Amino acid sequence: MHITRRRAFRRTATILAVTGLLAVPLAGCAAGDDTAGPSEEIPAEGVDDGSTLTLWTRAPIERQAKLLVDAYNDSHENQVELTVVPNDDYVAKVGAAAGSGGLPDLFAADIVYVPNWAQQGLFADLSEQIDGLDFKDEINQGHLDAGTVDDKEYVLPFALDLSMLFWNKELFAEAGLDPEKAPATLEEFSEAAQAVQALNKPDTYGTATGLNCGGCLVFTWFPSVWASGEEVMSDDGTESLLNGDAAQAVYDTWAELEEAGAVLPSSTDETGPTWTAAFSEGKVGVMPFPATLLPSLEFDAGVAGIPGVDGGVSTFVGGDGIGISKDSKQSAQAWNFLDWMMSEEAQVEVLAKDGNAVSRGDLADNEYAAADPRLVTINEVAAQGSTPVALNFQQAFNAPGSPWLTLVRNRVLNGEDSVDADNDEITAILGQ
């Protein structure tokens, strides 16, 4: 498999999500606040003394969080109490708790929130502990970079999520396509989707996405630009490059699919909550899809990196990071959980065993991944993925009615020739 190597995991992960984002520093949580750190000396493996720890996470990674917490609780004196919060409520809950000194001992965050929250001082400084891990160089660099501010490290990977190209092998076979072969270019992706659409099966469509969901679209469309050897924005995150040749090819491809009736109709107004549902139900032929949902599929699905215009593959490395909160009084006990979480026991026997990508490169070639070539593919592409960097990414791309959504809807749904002007509007927000 050819994988286009980009500037993998550049600097800090972007401030991006489907929902809102804290826009200003919270009271008592100013950037660079030296009080946001462990209050006591922490042993290398932390302390396991029967303490009760609290941990918050958002609903999209509930499965992985429960697996890790249950395994830890079964093997340790410490006990972790897990709270799972609906995705749309998570930012507000964290913001309110941070402002009142009520954060839990540990909390996870969409990796694209992490830079903002680390900068605001919501996490404790774990530089000494992370630097002391023998395998630090093997930890997913994108997640480490996302949680690094002024050379201080605040988070570790909790769960990786990658955007991968998934296809329904049964529908491919019915459409006369090779069910074992991934579409290798944008054109082949379009042809495959239209071939499935031509089956004229009730309630079955060639492809699907979230055309009113900025986060869904950056997660699934940006990789095609990267795989084509181009960038989506400038290195400093202040200029949008989404009027480039590769980006234009992405818009053209989806406009073609929309015109052909090969896009799930509900995609037009999909804002995010159900954008993956139809594929999970076996009603969509091929689409960019979250790798974390692979274990939940009840049919045989093919998995590959997302292709570019003329080949290559890439992925948006997402998922959640986790750290000790500024409010925790049990830093040594909380570190015991994090230290165990990064161990081979947790990464392989808990996460990999369930079909998830691991957060350590040295454990990617494990017995469970080897038993499923799709997991090998996910782990390989994970090591090559990227996340863009932009302080104002939320406003430019993810907010309802963002200029990114305006660009996509104008070009793909309305056929308007306004990409340059809409791209300028993105730049105007990125550069504020």
Side-chain angles (χ1 to χ4, degrees), residues 163-168 171-172 174-178 181-201 203-214 216-230 232 240-270 275-276 278-279 283-289 302 304-314 316 397 403-423 426:
S163 51
M164 303 290 289
L165 190 70
F166 276 58
W167 67 95
N168 185 312
L171 290 175
F172 263 42
E174 289 182 40
L177 302 168
D178 184 346
K181 183 180 179 182
T185 64
L186 274 179
E187 183 177 0
E188 289 184 12
F189 161 70
S190 178
E191 290 171 349
Q194 293 189 61
V196 171
Q197 189 65 39
L199 293 172
N200 292 317
K201 296 188 68 169
D203 299 321
T204 300
Y205 292 86
T207 192
T209 189
L211 288 169
N212 203 23
C213 169
C216 306
L217 294 168
V218 298
F219 187 60
T220 56
W221 289 15
F222 281 13
S224 287
V225 177
W226 297 330
S228 303
E230 297 184 17
V232 298
S240 174
L241 305 176
L242 288 163
N243 60 344
D245 291 343
Q248 297 271 13
V250 174
Y251 312 143
D252 290 346
T253 298
W254 282 91
E256 176 184 65
L257 290 168
E258 180 73 19
E259 185 176 355
V263 181
L264 178 73
S266 61
S267 296
T268 299
D269 298 315
E270 176 61 61
W275 74 282
T276 62
F279 185 87
K283 298 295 186 180
V284 170
V286 58
M287 69 177 290
F289 192 82
I306 297 175
V309 176
D310 297 316
V313 296
S314 191
F316 192 115
F397 293 97
W404 162 242
L405 278 178
T406 298
L407 184 155
V408 170
R409 295 178 71 82
N410 281 346
R411 177 64 188 88
V412 174
L413 297 178
N414 302 327
E416 296 179 13
D417 185 18
S418 58
V419 170
D420 286 340
D422 292 334
N423 182 70
I426 299 173

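Owing to the predicted nature of the structure, the values given are computational and were not obtained by experimental measurement.
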Next on the checklist: Among residues at least two apart in sequence or on other chains, which ones pass salt bridge (Lys or Arg N to Asp or Glu O under 4.0 Å) with Lys201?
Outcome noted: Glu174
Checklist entry - Considering residues, nucleotides and ligands other than Asp310, do more than 12 of their heavy atoms fall under 6.0 Å from its CG? => result no
Next on the checklist: For Phe222 and Phe316, take the angle between the two ring planes, folded into 0 to 90°, and tell me which bin it lands in: parallel under 30, tilted 30 to 60, perpendicular over 60.
Outcome noted: tilted
Checklist entry - Which is it for Lys283 and Leu171 under the side chain to side chain contact (heavy atoms under 4.5 Å, CB included) test, yes or no, and what are the steps along the way? => result CA-CA 9 Å; Lys283 298 295 186 180; Leu171 290 175; over 6 Å; no
Checklist entry - Taking all non-hydrogen atoms of both residues, which atom of Tyr205 and which atom of Val196 are closest, and how far apart? => result O-CG1, 3.9 Å
Item to check | Distance (rounded to the nearest 0.5 Å) between Phe219 CZ and Cys213 SG | outcome: 10.5 Å
Next on the checklist: On a heavy-atom basis, which atom in Gly285 and which in Phe279 lie closest, and how many Å separate them?
Outcome noted: O-CE1, 3.9 Å
Checklist entry - Can you name the closest pair of heavy atoms from Pro288 and Ile306 and give their distance? => result CB-CD1, 3.8 Å
Checklist entry - Quick one: does Leu242's side chain get under 4.5 Å of Tyr251's, heavy atoms only? => result yes
Next on the checklist: So Thr276 and Phe166, do their side chains get closer than 4.5 Å, heavy atoms only?
Outcome noted: no
Item to check | Considering all heavy atoms, the nearest Ser224-Val250 contact | outcome: CB-CG2, 3.7 Å
Item to check | All ring-ring contact (aromatic ring centres under 6.0 Å, His included) counterparts of Phe189, not counting sequence neighbours | outcome: Trp254
Next on the checklist: Can a donor-acceptor pair be found, under 3.5 Å and without considering hydrogens, that links the side chain of Arg411 to the backbone of Asp252?
Outcome noted: no
Next on the checklist: A side-chain contact here means heavy atoms from C-beta on lying under 4.5 Å apart; do Asn168 and Val284 qualify?
Outcome noted: no
Next on the checklist: Once you measure the plane-to-plane angle for Phe289 and Trp275, does it fall in the parallel (<30°), tilted (30-60°) or perpendicular (>60°) bin?
Outcome noted: tilted
Checklist entry - Under the criterion side chain to side chain contact (heavy atoms under 4.5 Å, CB included), which of Val408, Leu407, Val412, Asn414 is the partner of Asn410? => result Asn414
Checklist entry - Does the side chain of Asp245 come within less than 4.5 Å of Glu230's, by heavy atoms? => result yes
Checklist entry - Taking C-beta and beyond as the side chain, do Leu177 and Glu191 meet within less than 4.5 Å on heavy atoms? => result no
Checklist outcome for this item: When every non-hydrogen atom of Gln248 is compared with those of Val419, the smallest separation belongs to NE2-CG1, 3.6 Å
Next on the checklist: If I take atom OG from residue Ser163 and atom CG from residue Leu217, how far apart are they, to the nearest 0.5 angstrom?
Outcome noted: 11.5 Å
Checklist entry - Less than 4.5 Å apart, any side-chain heavy atom of Leu257 and any of Gln194? => result yes
Item to check | Under 3.5 Å donor-acceptor, Ser228 side chain and Val309 backbone | outcome: yes
Checklist entry - Given side chains that start at C-beta, do those of Leu211 and Glu258 come closer than 4.5 Å, heavy atoms only? => result yes
Checklist entry - Closest heavy-atom contact between Cys216 and Gly210? => result CB-O, 4.3 Å
Scan the side chains in residues 259-267 for donor-acceptor partners under 3.5 Å anywhere in the protein, sequence neighbours excluded, and list what turns up.
from   : atom 1 : to     : atom 2 : distance (Å)
Ser267 : OG     : Thr209 : N      : 3.2
Ser267 : OG     : Thr209 : O      : 3.1
Ser267 : OG     : Leu264 : O      : 3.0

Item to check | Thr185 side-chain N/O to Glu188 backbone N/O, donor-acceptor pair under 3.5 Å | outcome: yes
Checklist entry - Are a donor atom and an acceptor atom from the side chains of Asn212 and Asp269 found within less than 3.5 Å of each other? => result no
